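To start, the structure itself, in structure tokens.
These numbers come from a predicted model, not from an experiment. Quick note: numbers below take in every heavy atom, side chains included, and nothing from hydrogens, waters or symmetry partners. Each chain gets a letter, A, B and so on, in the order its sequence line appears, and its residues count up from 1.
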There are 2 protein chains.
Amino acid sequence: MNTVPVDYVLDDQIGFLLRLASQRHSGIFQRNVVGKLTPTQFSTLIRISEQGEVSQNRLGRLAAMDVATIKGVVDRLKAKGLVQAHADPKDKRRIAISLTATGHQIMDDLKRAGLEISDLTLEPLTEAESQTLVTLLKKIS
Amino acid sequence: MNTVPVDYVLDDQIGFLLRLASQRHSGIFQRNVVGKLTPTQFSTLIRISEQGEVSQNRLGRLAAMDVATIKGVVDRLKAKGLVQAHADPKDKRRIAISLTATGHQIMDDLKRAGLEISDLTLEPLTEAESQTLVTLLKKIS
DNA sequence: CTTTAACTGTTTGCATACGAATGATATGCA
DNA sequence: TGCATATCATTCGTATGCAAACAGTTAAAG
């Protein structure tokens, strides 16, 4: 039997703070990214450009998205004409995803915008603090 | 004219890392929370219990949620029987939100679970690192 | 006192996000 | 070979999350 009231300060909890920081970052992203891309669409494009050609399932793992989520993201990127899909002749289950010519063309601008967005997000911190934050976040991921 | 390719490492970007950390936290939350509550529903309950009675709009600001988002969250909490709403006689625009008796009863268990979830999320870090992370996240929120 | 501005709540549309279930296909091992 | 297991893509249901448009209400400015 525990009758002692619990002292819970929401504003100090890691989960709440992660959501706040993500929200601010999303806002900055939206105002600065090239084209009308979302953060997940952006990450997906980066992963595809790194891989050249990749199955949808593997792409989801690389971009840290659920299979149901990555399907929607790929569908919207296809609709934008930035990626294409074609069946894998060796494995009929697989659908190979790759960048279109247009997709290739915007990658450099996207990467530049991405770096700028990261800088703006970390603007309240010093260089050393930014490095620390990145290191700590990697540890709890 | 810029022809130099940009060196962009997705795994080092603050936005990507925030998403990864949020995902891990959500998984821990889901496995440890009392009842079938989501992190946003949890935060909302905490805010209501802090305020006693609060308008839906103000509740959204306190919990850092869009007006459209908070409406859905409150609707689902009402469906679970944890919160109630009644019209404000002084201001016909307002809807006063408060906890039900059931809602009150589970708050202590919820807070205990919340602290446990934070501990589990920060488990890979030392006490000092956890404090640093919290401090840095507050700065970029 | 009236018009204007600000606030509150609702709804719609789009885009994540994830669990669970399903069906098709591959592959390893008995 | 043949079956158990694993992988891949899709679909469904639920829950955020935000912009924008809308209507009702209140308060402030003139």
Nearest-angstrom distance from the residue atom [atom1] of [X] to [atom2] of [N]:
| X | N | atom1 | atom2 | result |
| --- | --- | --- | --- | --- |
| B/R24 | C/dA17 | CZ | P | 18 Å |
| A/I97 | D/dC8 | CD1 | C1' | 12 Å |
| A/R31 | D/dA19 | CZ | P | 9 Å |
| A/L62 | D/dC8 | CG | P | 11 Å |
| B/L77 | D/dT16 | CG | P | 8 Å |
| A/Q30 | C/dT16 | CD | C1' | 13 Å |
| A/I70 | C/dT16 | CD1 | P | 10 Å |
| A/F16 | D/dT16 | CZ | P | 14 Å |

May I ask you to decide if [Y]'s main-chain N or O and [X]'s side chain share a donor-acceptor pair within less than 3.5 Å?
| X | Y | result |
| --- | --- | --- |
| B/T100 | B/G81 | yes |
| A/R94 | A/D88 | no |
| A/Q13 | A/V9 | yes |

What nucleotide among D/dC8, D/dT10, D/dT26 has an atom nearest to a side-chain atom of B/K92?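 Minimum distance to the B/K92 side chain belongs to D/dT26.
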Nucleotide nearest A/Q41 (side chain, heavy atoms from C-beta), chosen from C/dA20, D/dT26, C/dA15: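 Selected nucleotide (nearest to the side chain): C/dA15.
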What nucleic acid atoms does [X] come within less than 4.0 Å of, heavy atoms only: base, sugar-phosphate, or nothing?
| X | answer |
| --- | --- |
| B/T38 | sugar-phosphate |
| B/S55 | sugar-phosphate |
| B/K90 | sugar-phosphate |
| A/T40 | sugar-phosphate |
| B/K71 | base |

Does B/D11 pair with A/K138 as a salt bridge, N-O distance under 4.0 Å?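 Salt bridge: no.
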Can you see which heavy atom on A/F42 is nearest to which on A/V33, and at what distance?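 Smallest interatomic distance, heavy atoms only, reads CD1-CG2, 4.3 Å.
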For A/A68 and for A/R76, find the nucleotide of DNA chain C with the closest heavy atom, then tell me which residue's nucleotide is more 5'.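 It is A/R76, whose closest nucleotide lies nearer the 5' terminus.
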5'-most contact on DNA chain C: A/D88 or A/V73, nearest heavy atom basis?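 On the 5' side of the pair lies A/V73.
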Donor-acceptor pair under 3.5 Å: do we get one between B/R93's side chain and the base of D/dT25?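 Checked by distance alone, the answer is yes.
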Is there a side-chain contact between B/L137 and A/L133 (heavy atoms, below 4.5 Å)?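 Sidechains of A/L133 and B/L137: in contact.
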Whichever of B/G72 and B/D91 has its nearest DNA chain D nucleotide further upstream toward 5':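 On the 5' side of the pair lies B/G72.
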I want to confirm an ordering. Mapping A/I95 and B/D66 to their closest nucleotides on DNA chain D, which one lands closer to the 5' end?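 Comparing both residues, the 5'-ward one is A/I95.
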Can you tell me if the side-chain N/O atoms of [X] get under 4.0 Å from OP1 or OP2 in [N]?
| X | N | result |
| --- | --- | --- |
| B/R58 | C/dG9 | no |
| B/Q23 | C/dC18 | yes |
| B/N57 | C/dG9 | yes |
| A/R61 | D/dC8 | yes |

